Each structure stands twice: as C-alpha cells, then as structure tokens.
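Because the structure is a prediction, the values reported are computed rather than measured.
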Amino acid sequence: MSTKAGFDDILKRDGFLVYKTRGVSMRPLFKENRDLVTIRPFEGTLKKYDVPLYRRRDRRFTLHRIIAVRDNDYVIRGDNTFVKEYVPRSDVVGVLTEFKRKGKNHTVDETGYRVYVRVWHFIYPLRWVLHKLRRFGGKIKRALKGKTAK
C-alpha cells in the first residue's frame, strides 16, 4: 500500500491520520479502496507484528508488517508479499492502531486481530511454497502455449 508524500505532515498537525487503503500488499487483511486505516505517531521502538507507515526512498509511504526488529532498522514485509524490506527506524512516521474493515471498527489490540497476525506469519513458509508453485505452473503453461502456437 503506497501513496505520495504528505502523510507525515498530517500526522504532525492532527496527531492521527485516517485513509483508505490502496494496493494489494496487505491482503487479505485489507482490501484496496474498501478499508480505512488509522495511523498514529509513536515513540520508542516498534515490535514484531506492528504495522508501521514508512517513507520509501521514492518518497512514497507504505504500510507493511514488521517481521523482525534489529538494532537500527526493521525487517518488514507486506502480508501478501514475499520480499523483505529493511527500513531504517528514521523512515517510520507512524503505526497502525485501528482499522475499519467491511464497515466494522477494529483495533490492533483485539484478540481476533492478534490471532490473525500470528497465524498468517506462521503459515508464511507454506504460502511461499504455494506462490512458487503457482509461478512455476504459469511458466509451464506459457511454454506449452508457445509450442502449440507454432
């Protein structure tokens, strides 16, 4: 989920930020243009499974989940992605605290949300294997189509 600059200014001015999600990197939790997220400033160090809003090098803001905390940065990955990002702590501008999904309000402290986060993270190796198998199947399908098209 990415968007252009300006979020950090809103956070500083209002103390919170609410916006409609964009992109598919945090599926199945968030659906693009349906769900609203609330971001608040934070102090100190975030922890594993927190969802920070951070500024990328291209100046766009992204909302992904922390999968590891290191001394000077966070290892972050979207719930629907398979690539790790290494985000310096200084690039984080806020953290997800609440969200509205399918019209219902939730907080990151709810038991259901916390269970989702841990289960989704736990099954990552299986999701990765399925992702690779789908990609491999697609390559085979394209190769077979190429042979029959000749």
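- With rounding to the nearest 0.5 angstrom, the CD atom of Glu85 is 11.5 Å from the CG atom of Asp73.
- Annotation: salt bridge (charged side-chain N to carboxylate O under 4.0 Å, His left out) contacts involving residues 102-123, sequence neighbours excluded, are absent.
- Taking Asn72 as the reference, nothing meets the side-chain contact (heavy atoms from CB on, under 4.5 Å) condition, with sequence neighbours excluded.
- Hydrophobic clustering, defined by side-chain heavy atoms of Ile, Leu, Val, Met, Phe, Trp and Tyr closer than 4.5 Å, groups Val92 together with Phe42, Leu46, Tyr54, Ile66, Val69, Tyr74, Ile76, Val87, Val95.
- Using a 4.5 Å cut-off between side-chain heavy atoms of Ile, Leu, Val, Met, Phe, Trp and Tyr, with links allowed through other members, Phe7 and Val18 fall into different hydrophobic clusters.
- At a threshold of 4.5 Å between side-chain heavy atoms, the hydrophobic network of Ile, Leu, Val, Met, Phe, Trp and Tyr places Phe99 and Leu36 in two separate groups.
- For the side chain to side chain contact (heavy atoms under 4.5 Å, CB included) criterion with Leu96, the lone passing option out of Asp50, Ile39, Leu53, Thr107 is Ile39.
- Side-chain contact between Phe30 and Asp79: absent, with no pair of heavy atoms (C-beta onward) separated by less than 4.5 Å.
- Put simply, the side chain of Arg55 never gets that close to the backbone of Asp91: no donor and acceptor are under 3.5 Å apart.
- Enclosure of atom CZ in Arg135 is not indicated, since only 12 or fewer non-hydrogen atoms of other residues, nucleotides or ligands lie within 6.0 angstrom.
- Connection of Ile123 to Leu29 is established within a shared hydrophobic cluster, with ILVMFWY side chains joined at heavy-atom distances below 4.5 Å, either directly or through further cluster members.
- Ion pair Glu32/Arg27 not flagged as a salt bridge, since none of the NZ, NE, NH1 or NH2 atoms sits closer than 4.0 Å to an Asp/Glu carboxylate oxygen.
- Closest heavy-atom contact between Gly15 and Pro41: O-CD, 3.1 Å.
- Here Tyr19 contributes atom OH and Asp35 contributes atom CG; the two are 11.5 Å apart, rounded to the nearest 0.5 Å.
- Leu126 and Val119 fall into different hydrophobic clusters, defined by Ile, Leu, Val, Met, Phe, Trp and Tyr side-chain heavy atoms under 4.5 Å apart, directly or through other members.
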Give the intermediate values and the outcome of side-chain contact (heavy atoms from CB on, under 4.5 Å) for residues His121 and Arg65.
-> CA-CA 10 Å; His121 183 74; Arg65 188 173 311 285; 5.9 Å; no
Criterion side-chain contact (heavy atoms from CB on, under 4.5 Å) on Met26 and Val51, from CA distance to verdict = CA-CA 10 Å; Met26 288 299 286; Val51 180; 4.2 Å; yes
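- Here the closest heavy-atom approach between residue Pro28 and residue Tyr116 is recorded as CD-OH, 3.6 Å.
- Partners of Pro125 according to the side-chain contact (heavy atoms from CB on, under 4.5 Å) rule, which considers only residues two or more places apart in sequence or in another chain, do not exist here.
- Asp9 and Lys12 are not joined by a salt bridge, as no carboxylate oxygen comes within less than 4.0 angstrom of a charged side-chain nitrogen.
- Under a cutoff of 6.0 Å and an axis angle of 45°, Arg101 and Tyr113 do not form a cation-pi pair.
- A donor-acceptor pair under 3.5 Å is formed between the side chain of Thr21 and the backbone N or O of Lys31.
- Residue pairs satisfying the salt bridge (charged side-chain N to carboxylate O under 4.0 Å, His left out) criterion with at least one member in residues 120-134, sequence neighbours excluded, are absent.
- In this structure, Tyr124 and Phe82 have tilted ring planes: the angle between them lies in the 30° to 60° band.
- Here Arg89 contributes atom CZ and Arg70 contributes atom CZ; the two are 10.5 Å apart, rounded to the nearest 0.5 Å.
- Taking Ile, Leu, Val, Met, Phe, Trp and Tyr as hydrophobic and joining them when side-chain heavy atoms fall under 4.5 Å apart, one finds Val75 in a cluster with Ile67, Tyr86.
- Distance CZ/Arg77 to NE2/His64: 10.5 Å, rounded to 0.5 Å.
- Listed here is the closest heavy atom pair of Arg60 and Asp58: N-OD1, 3.0 Å.
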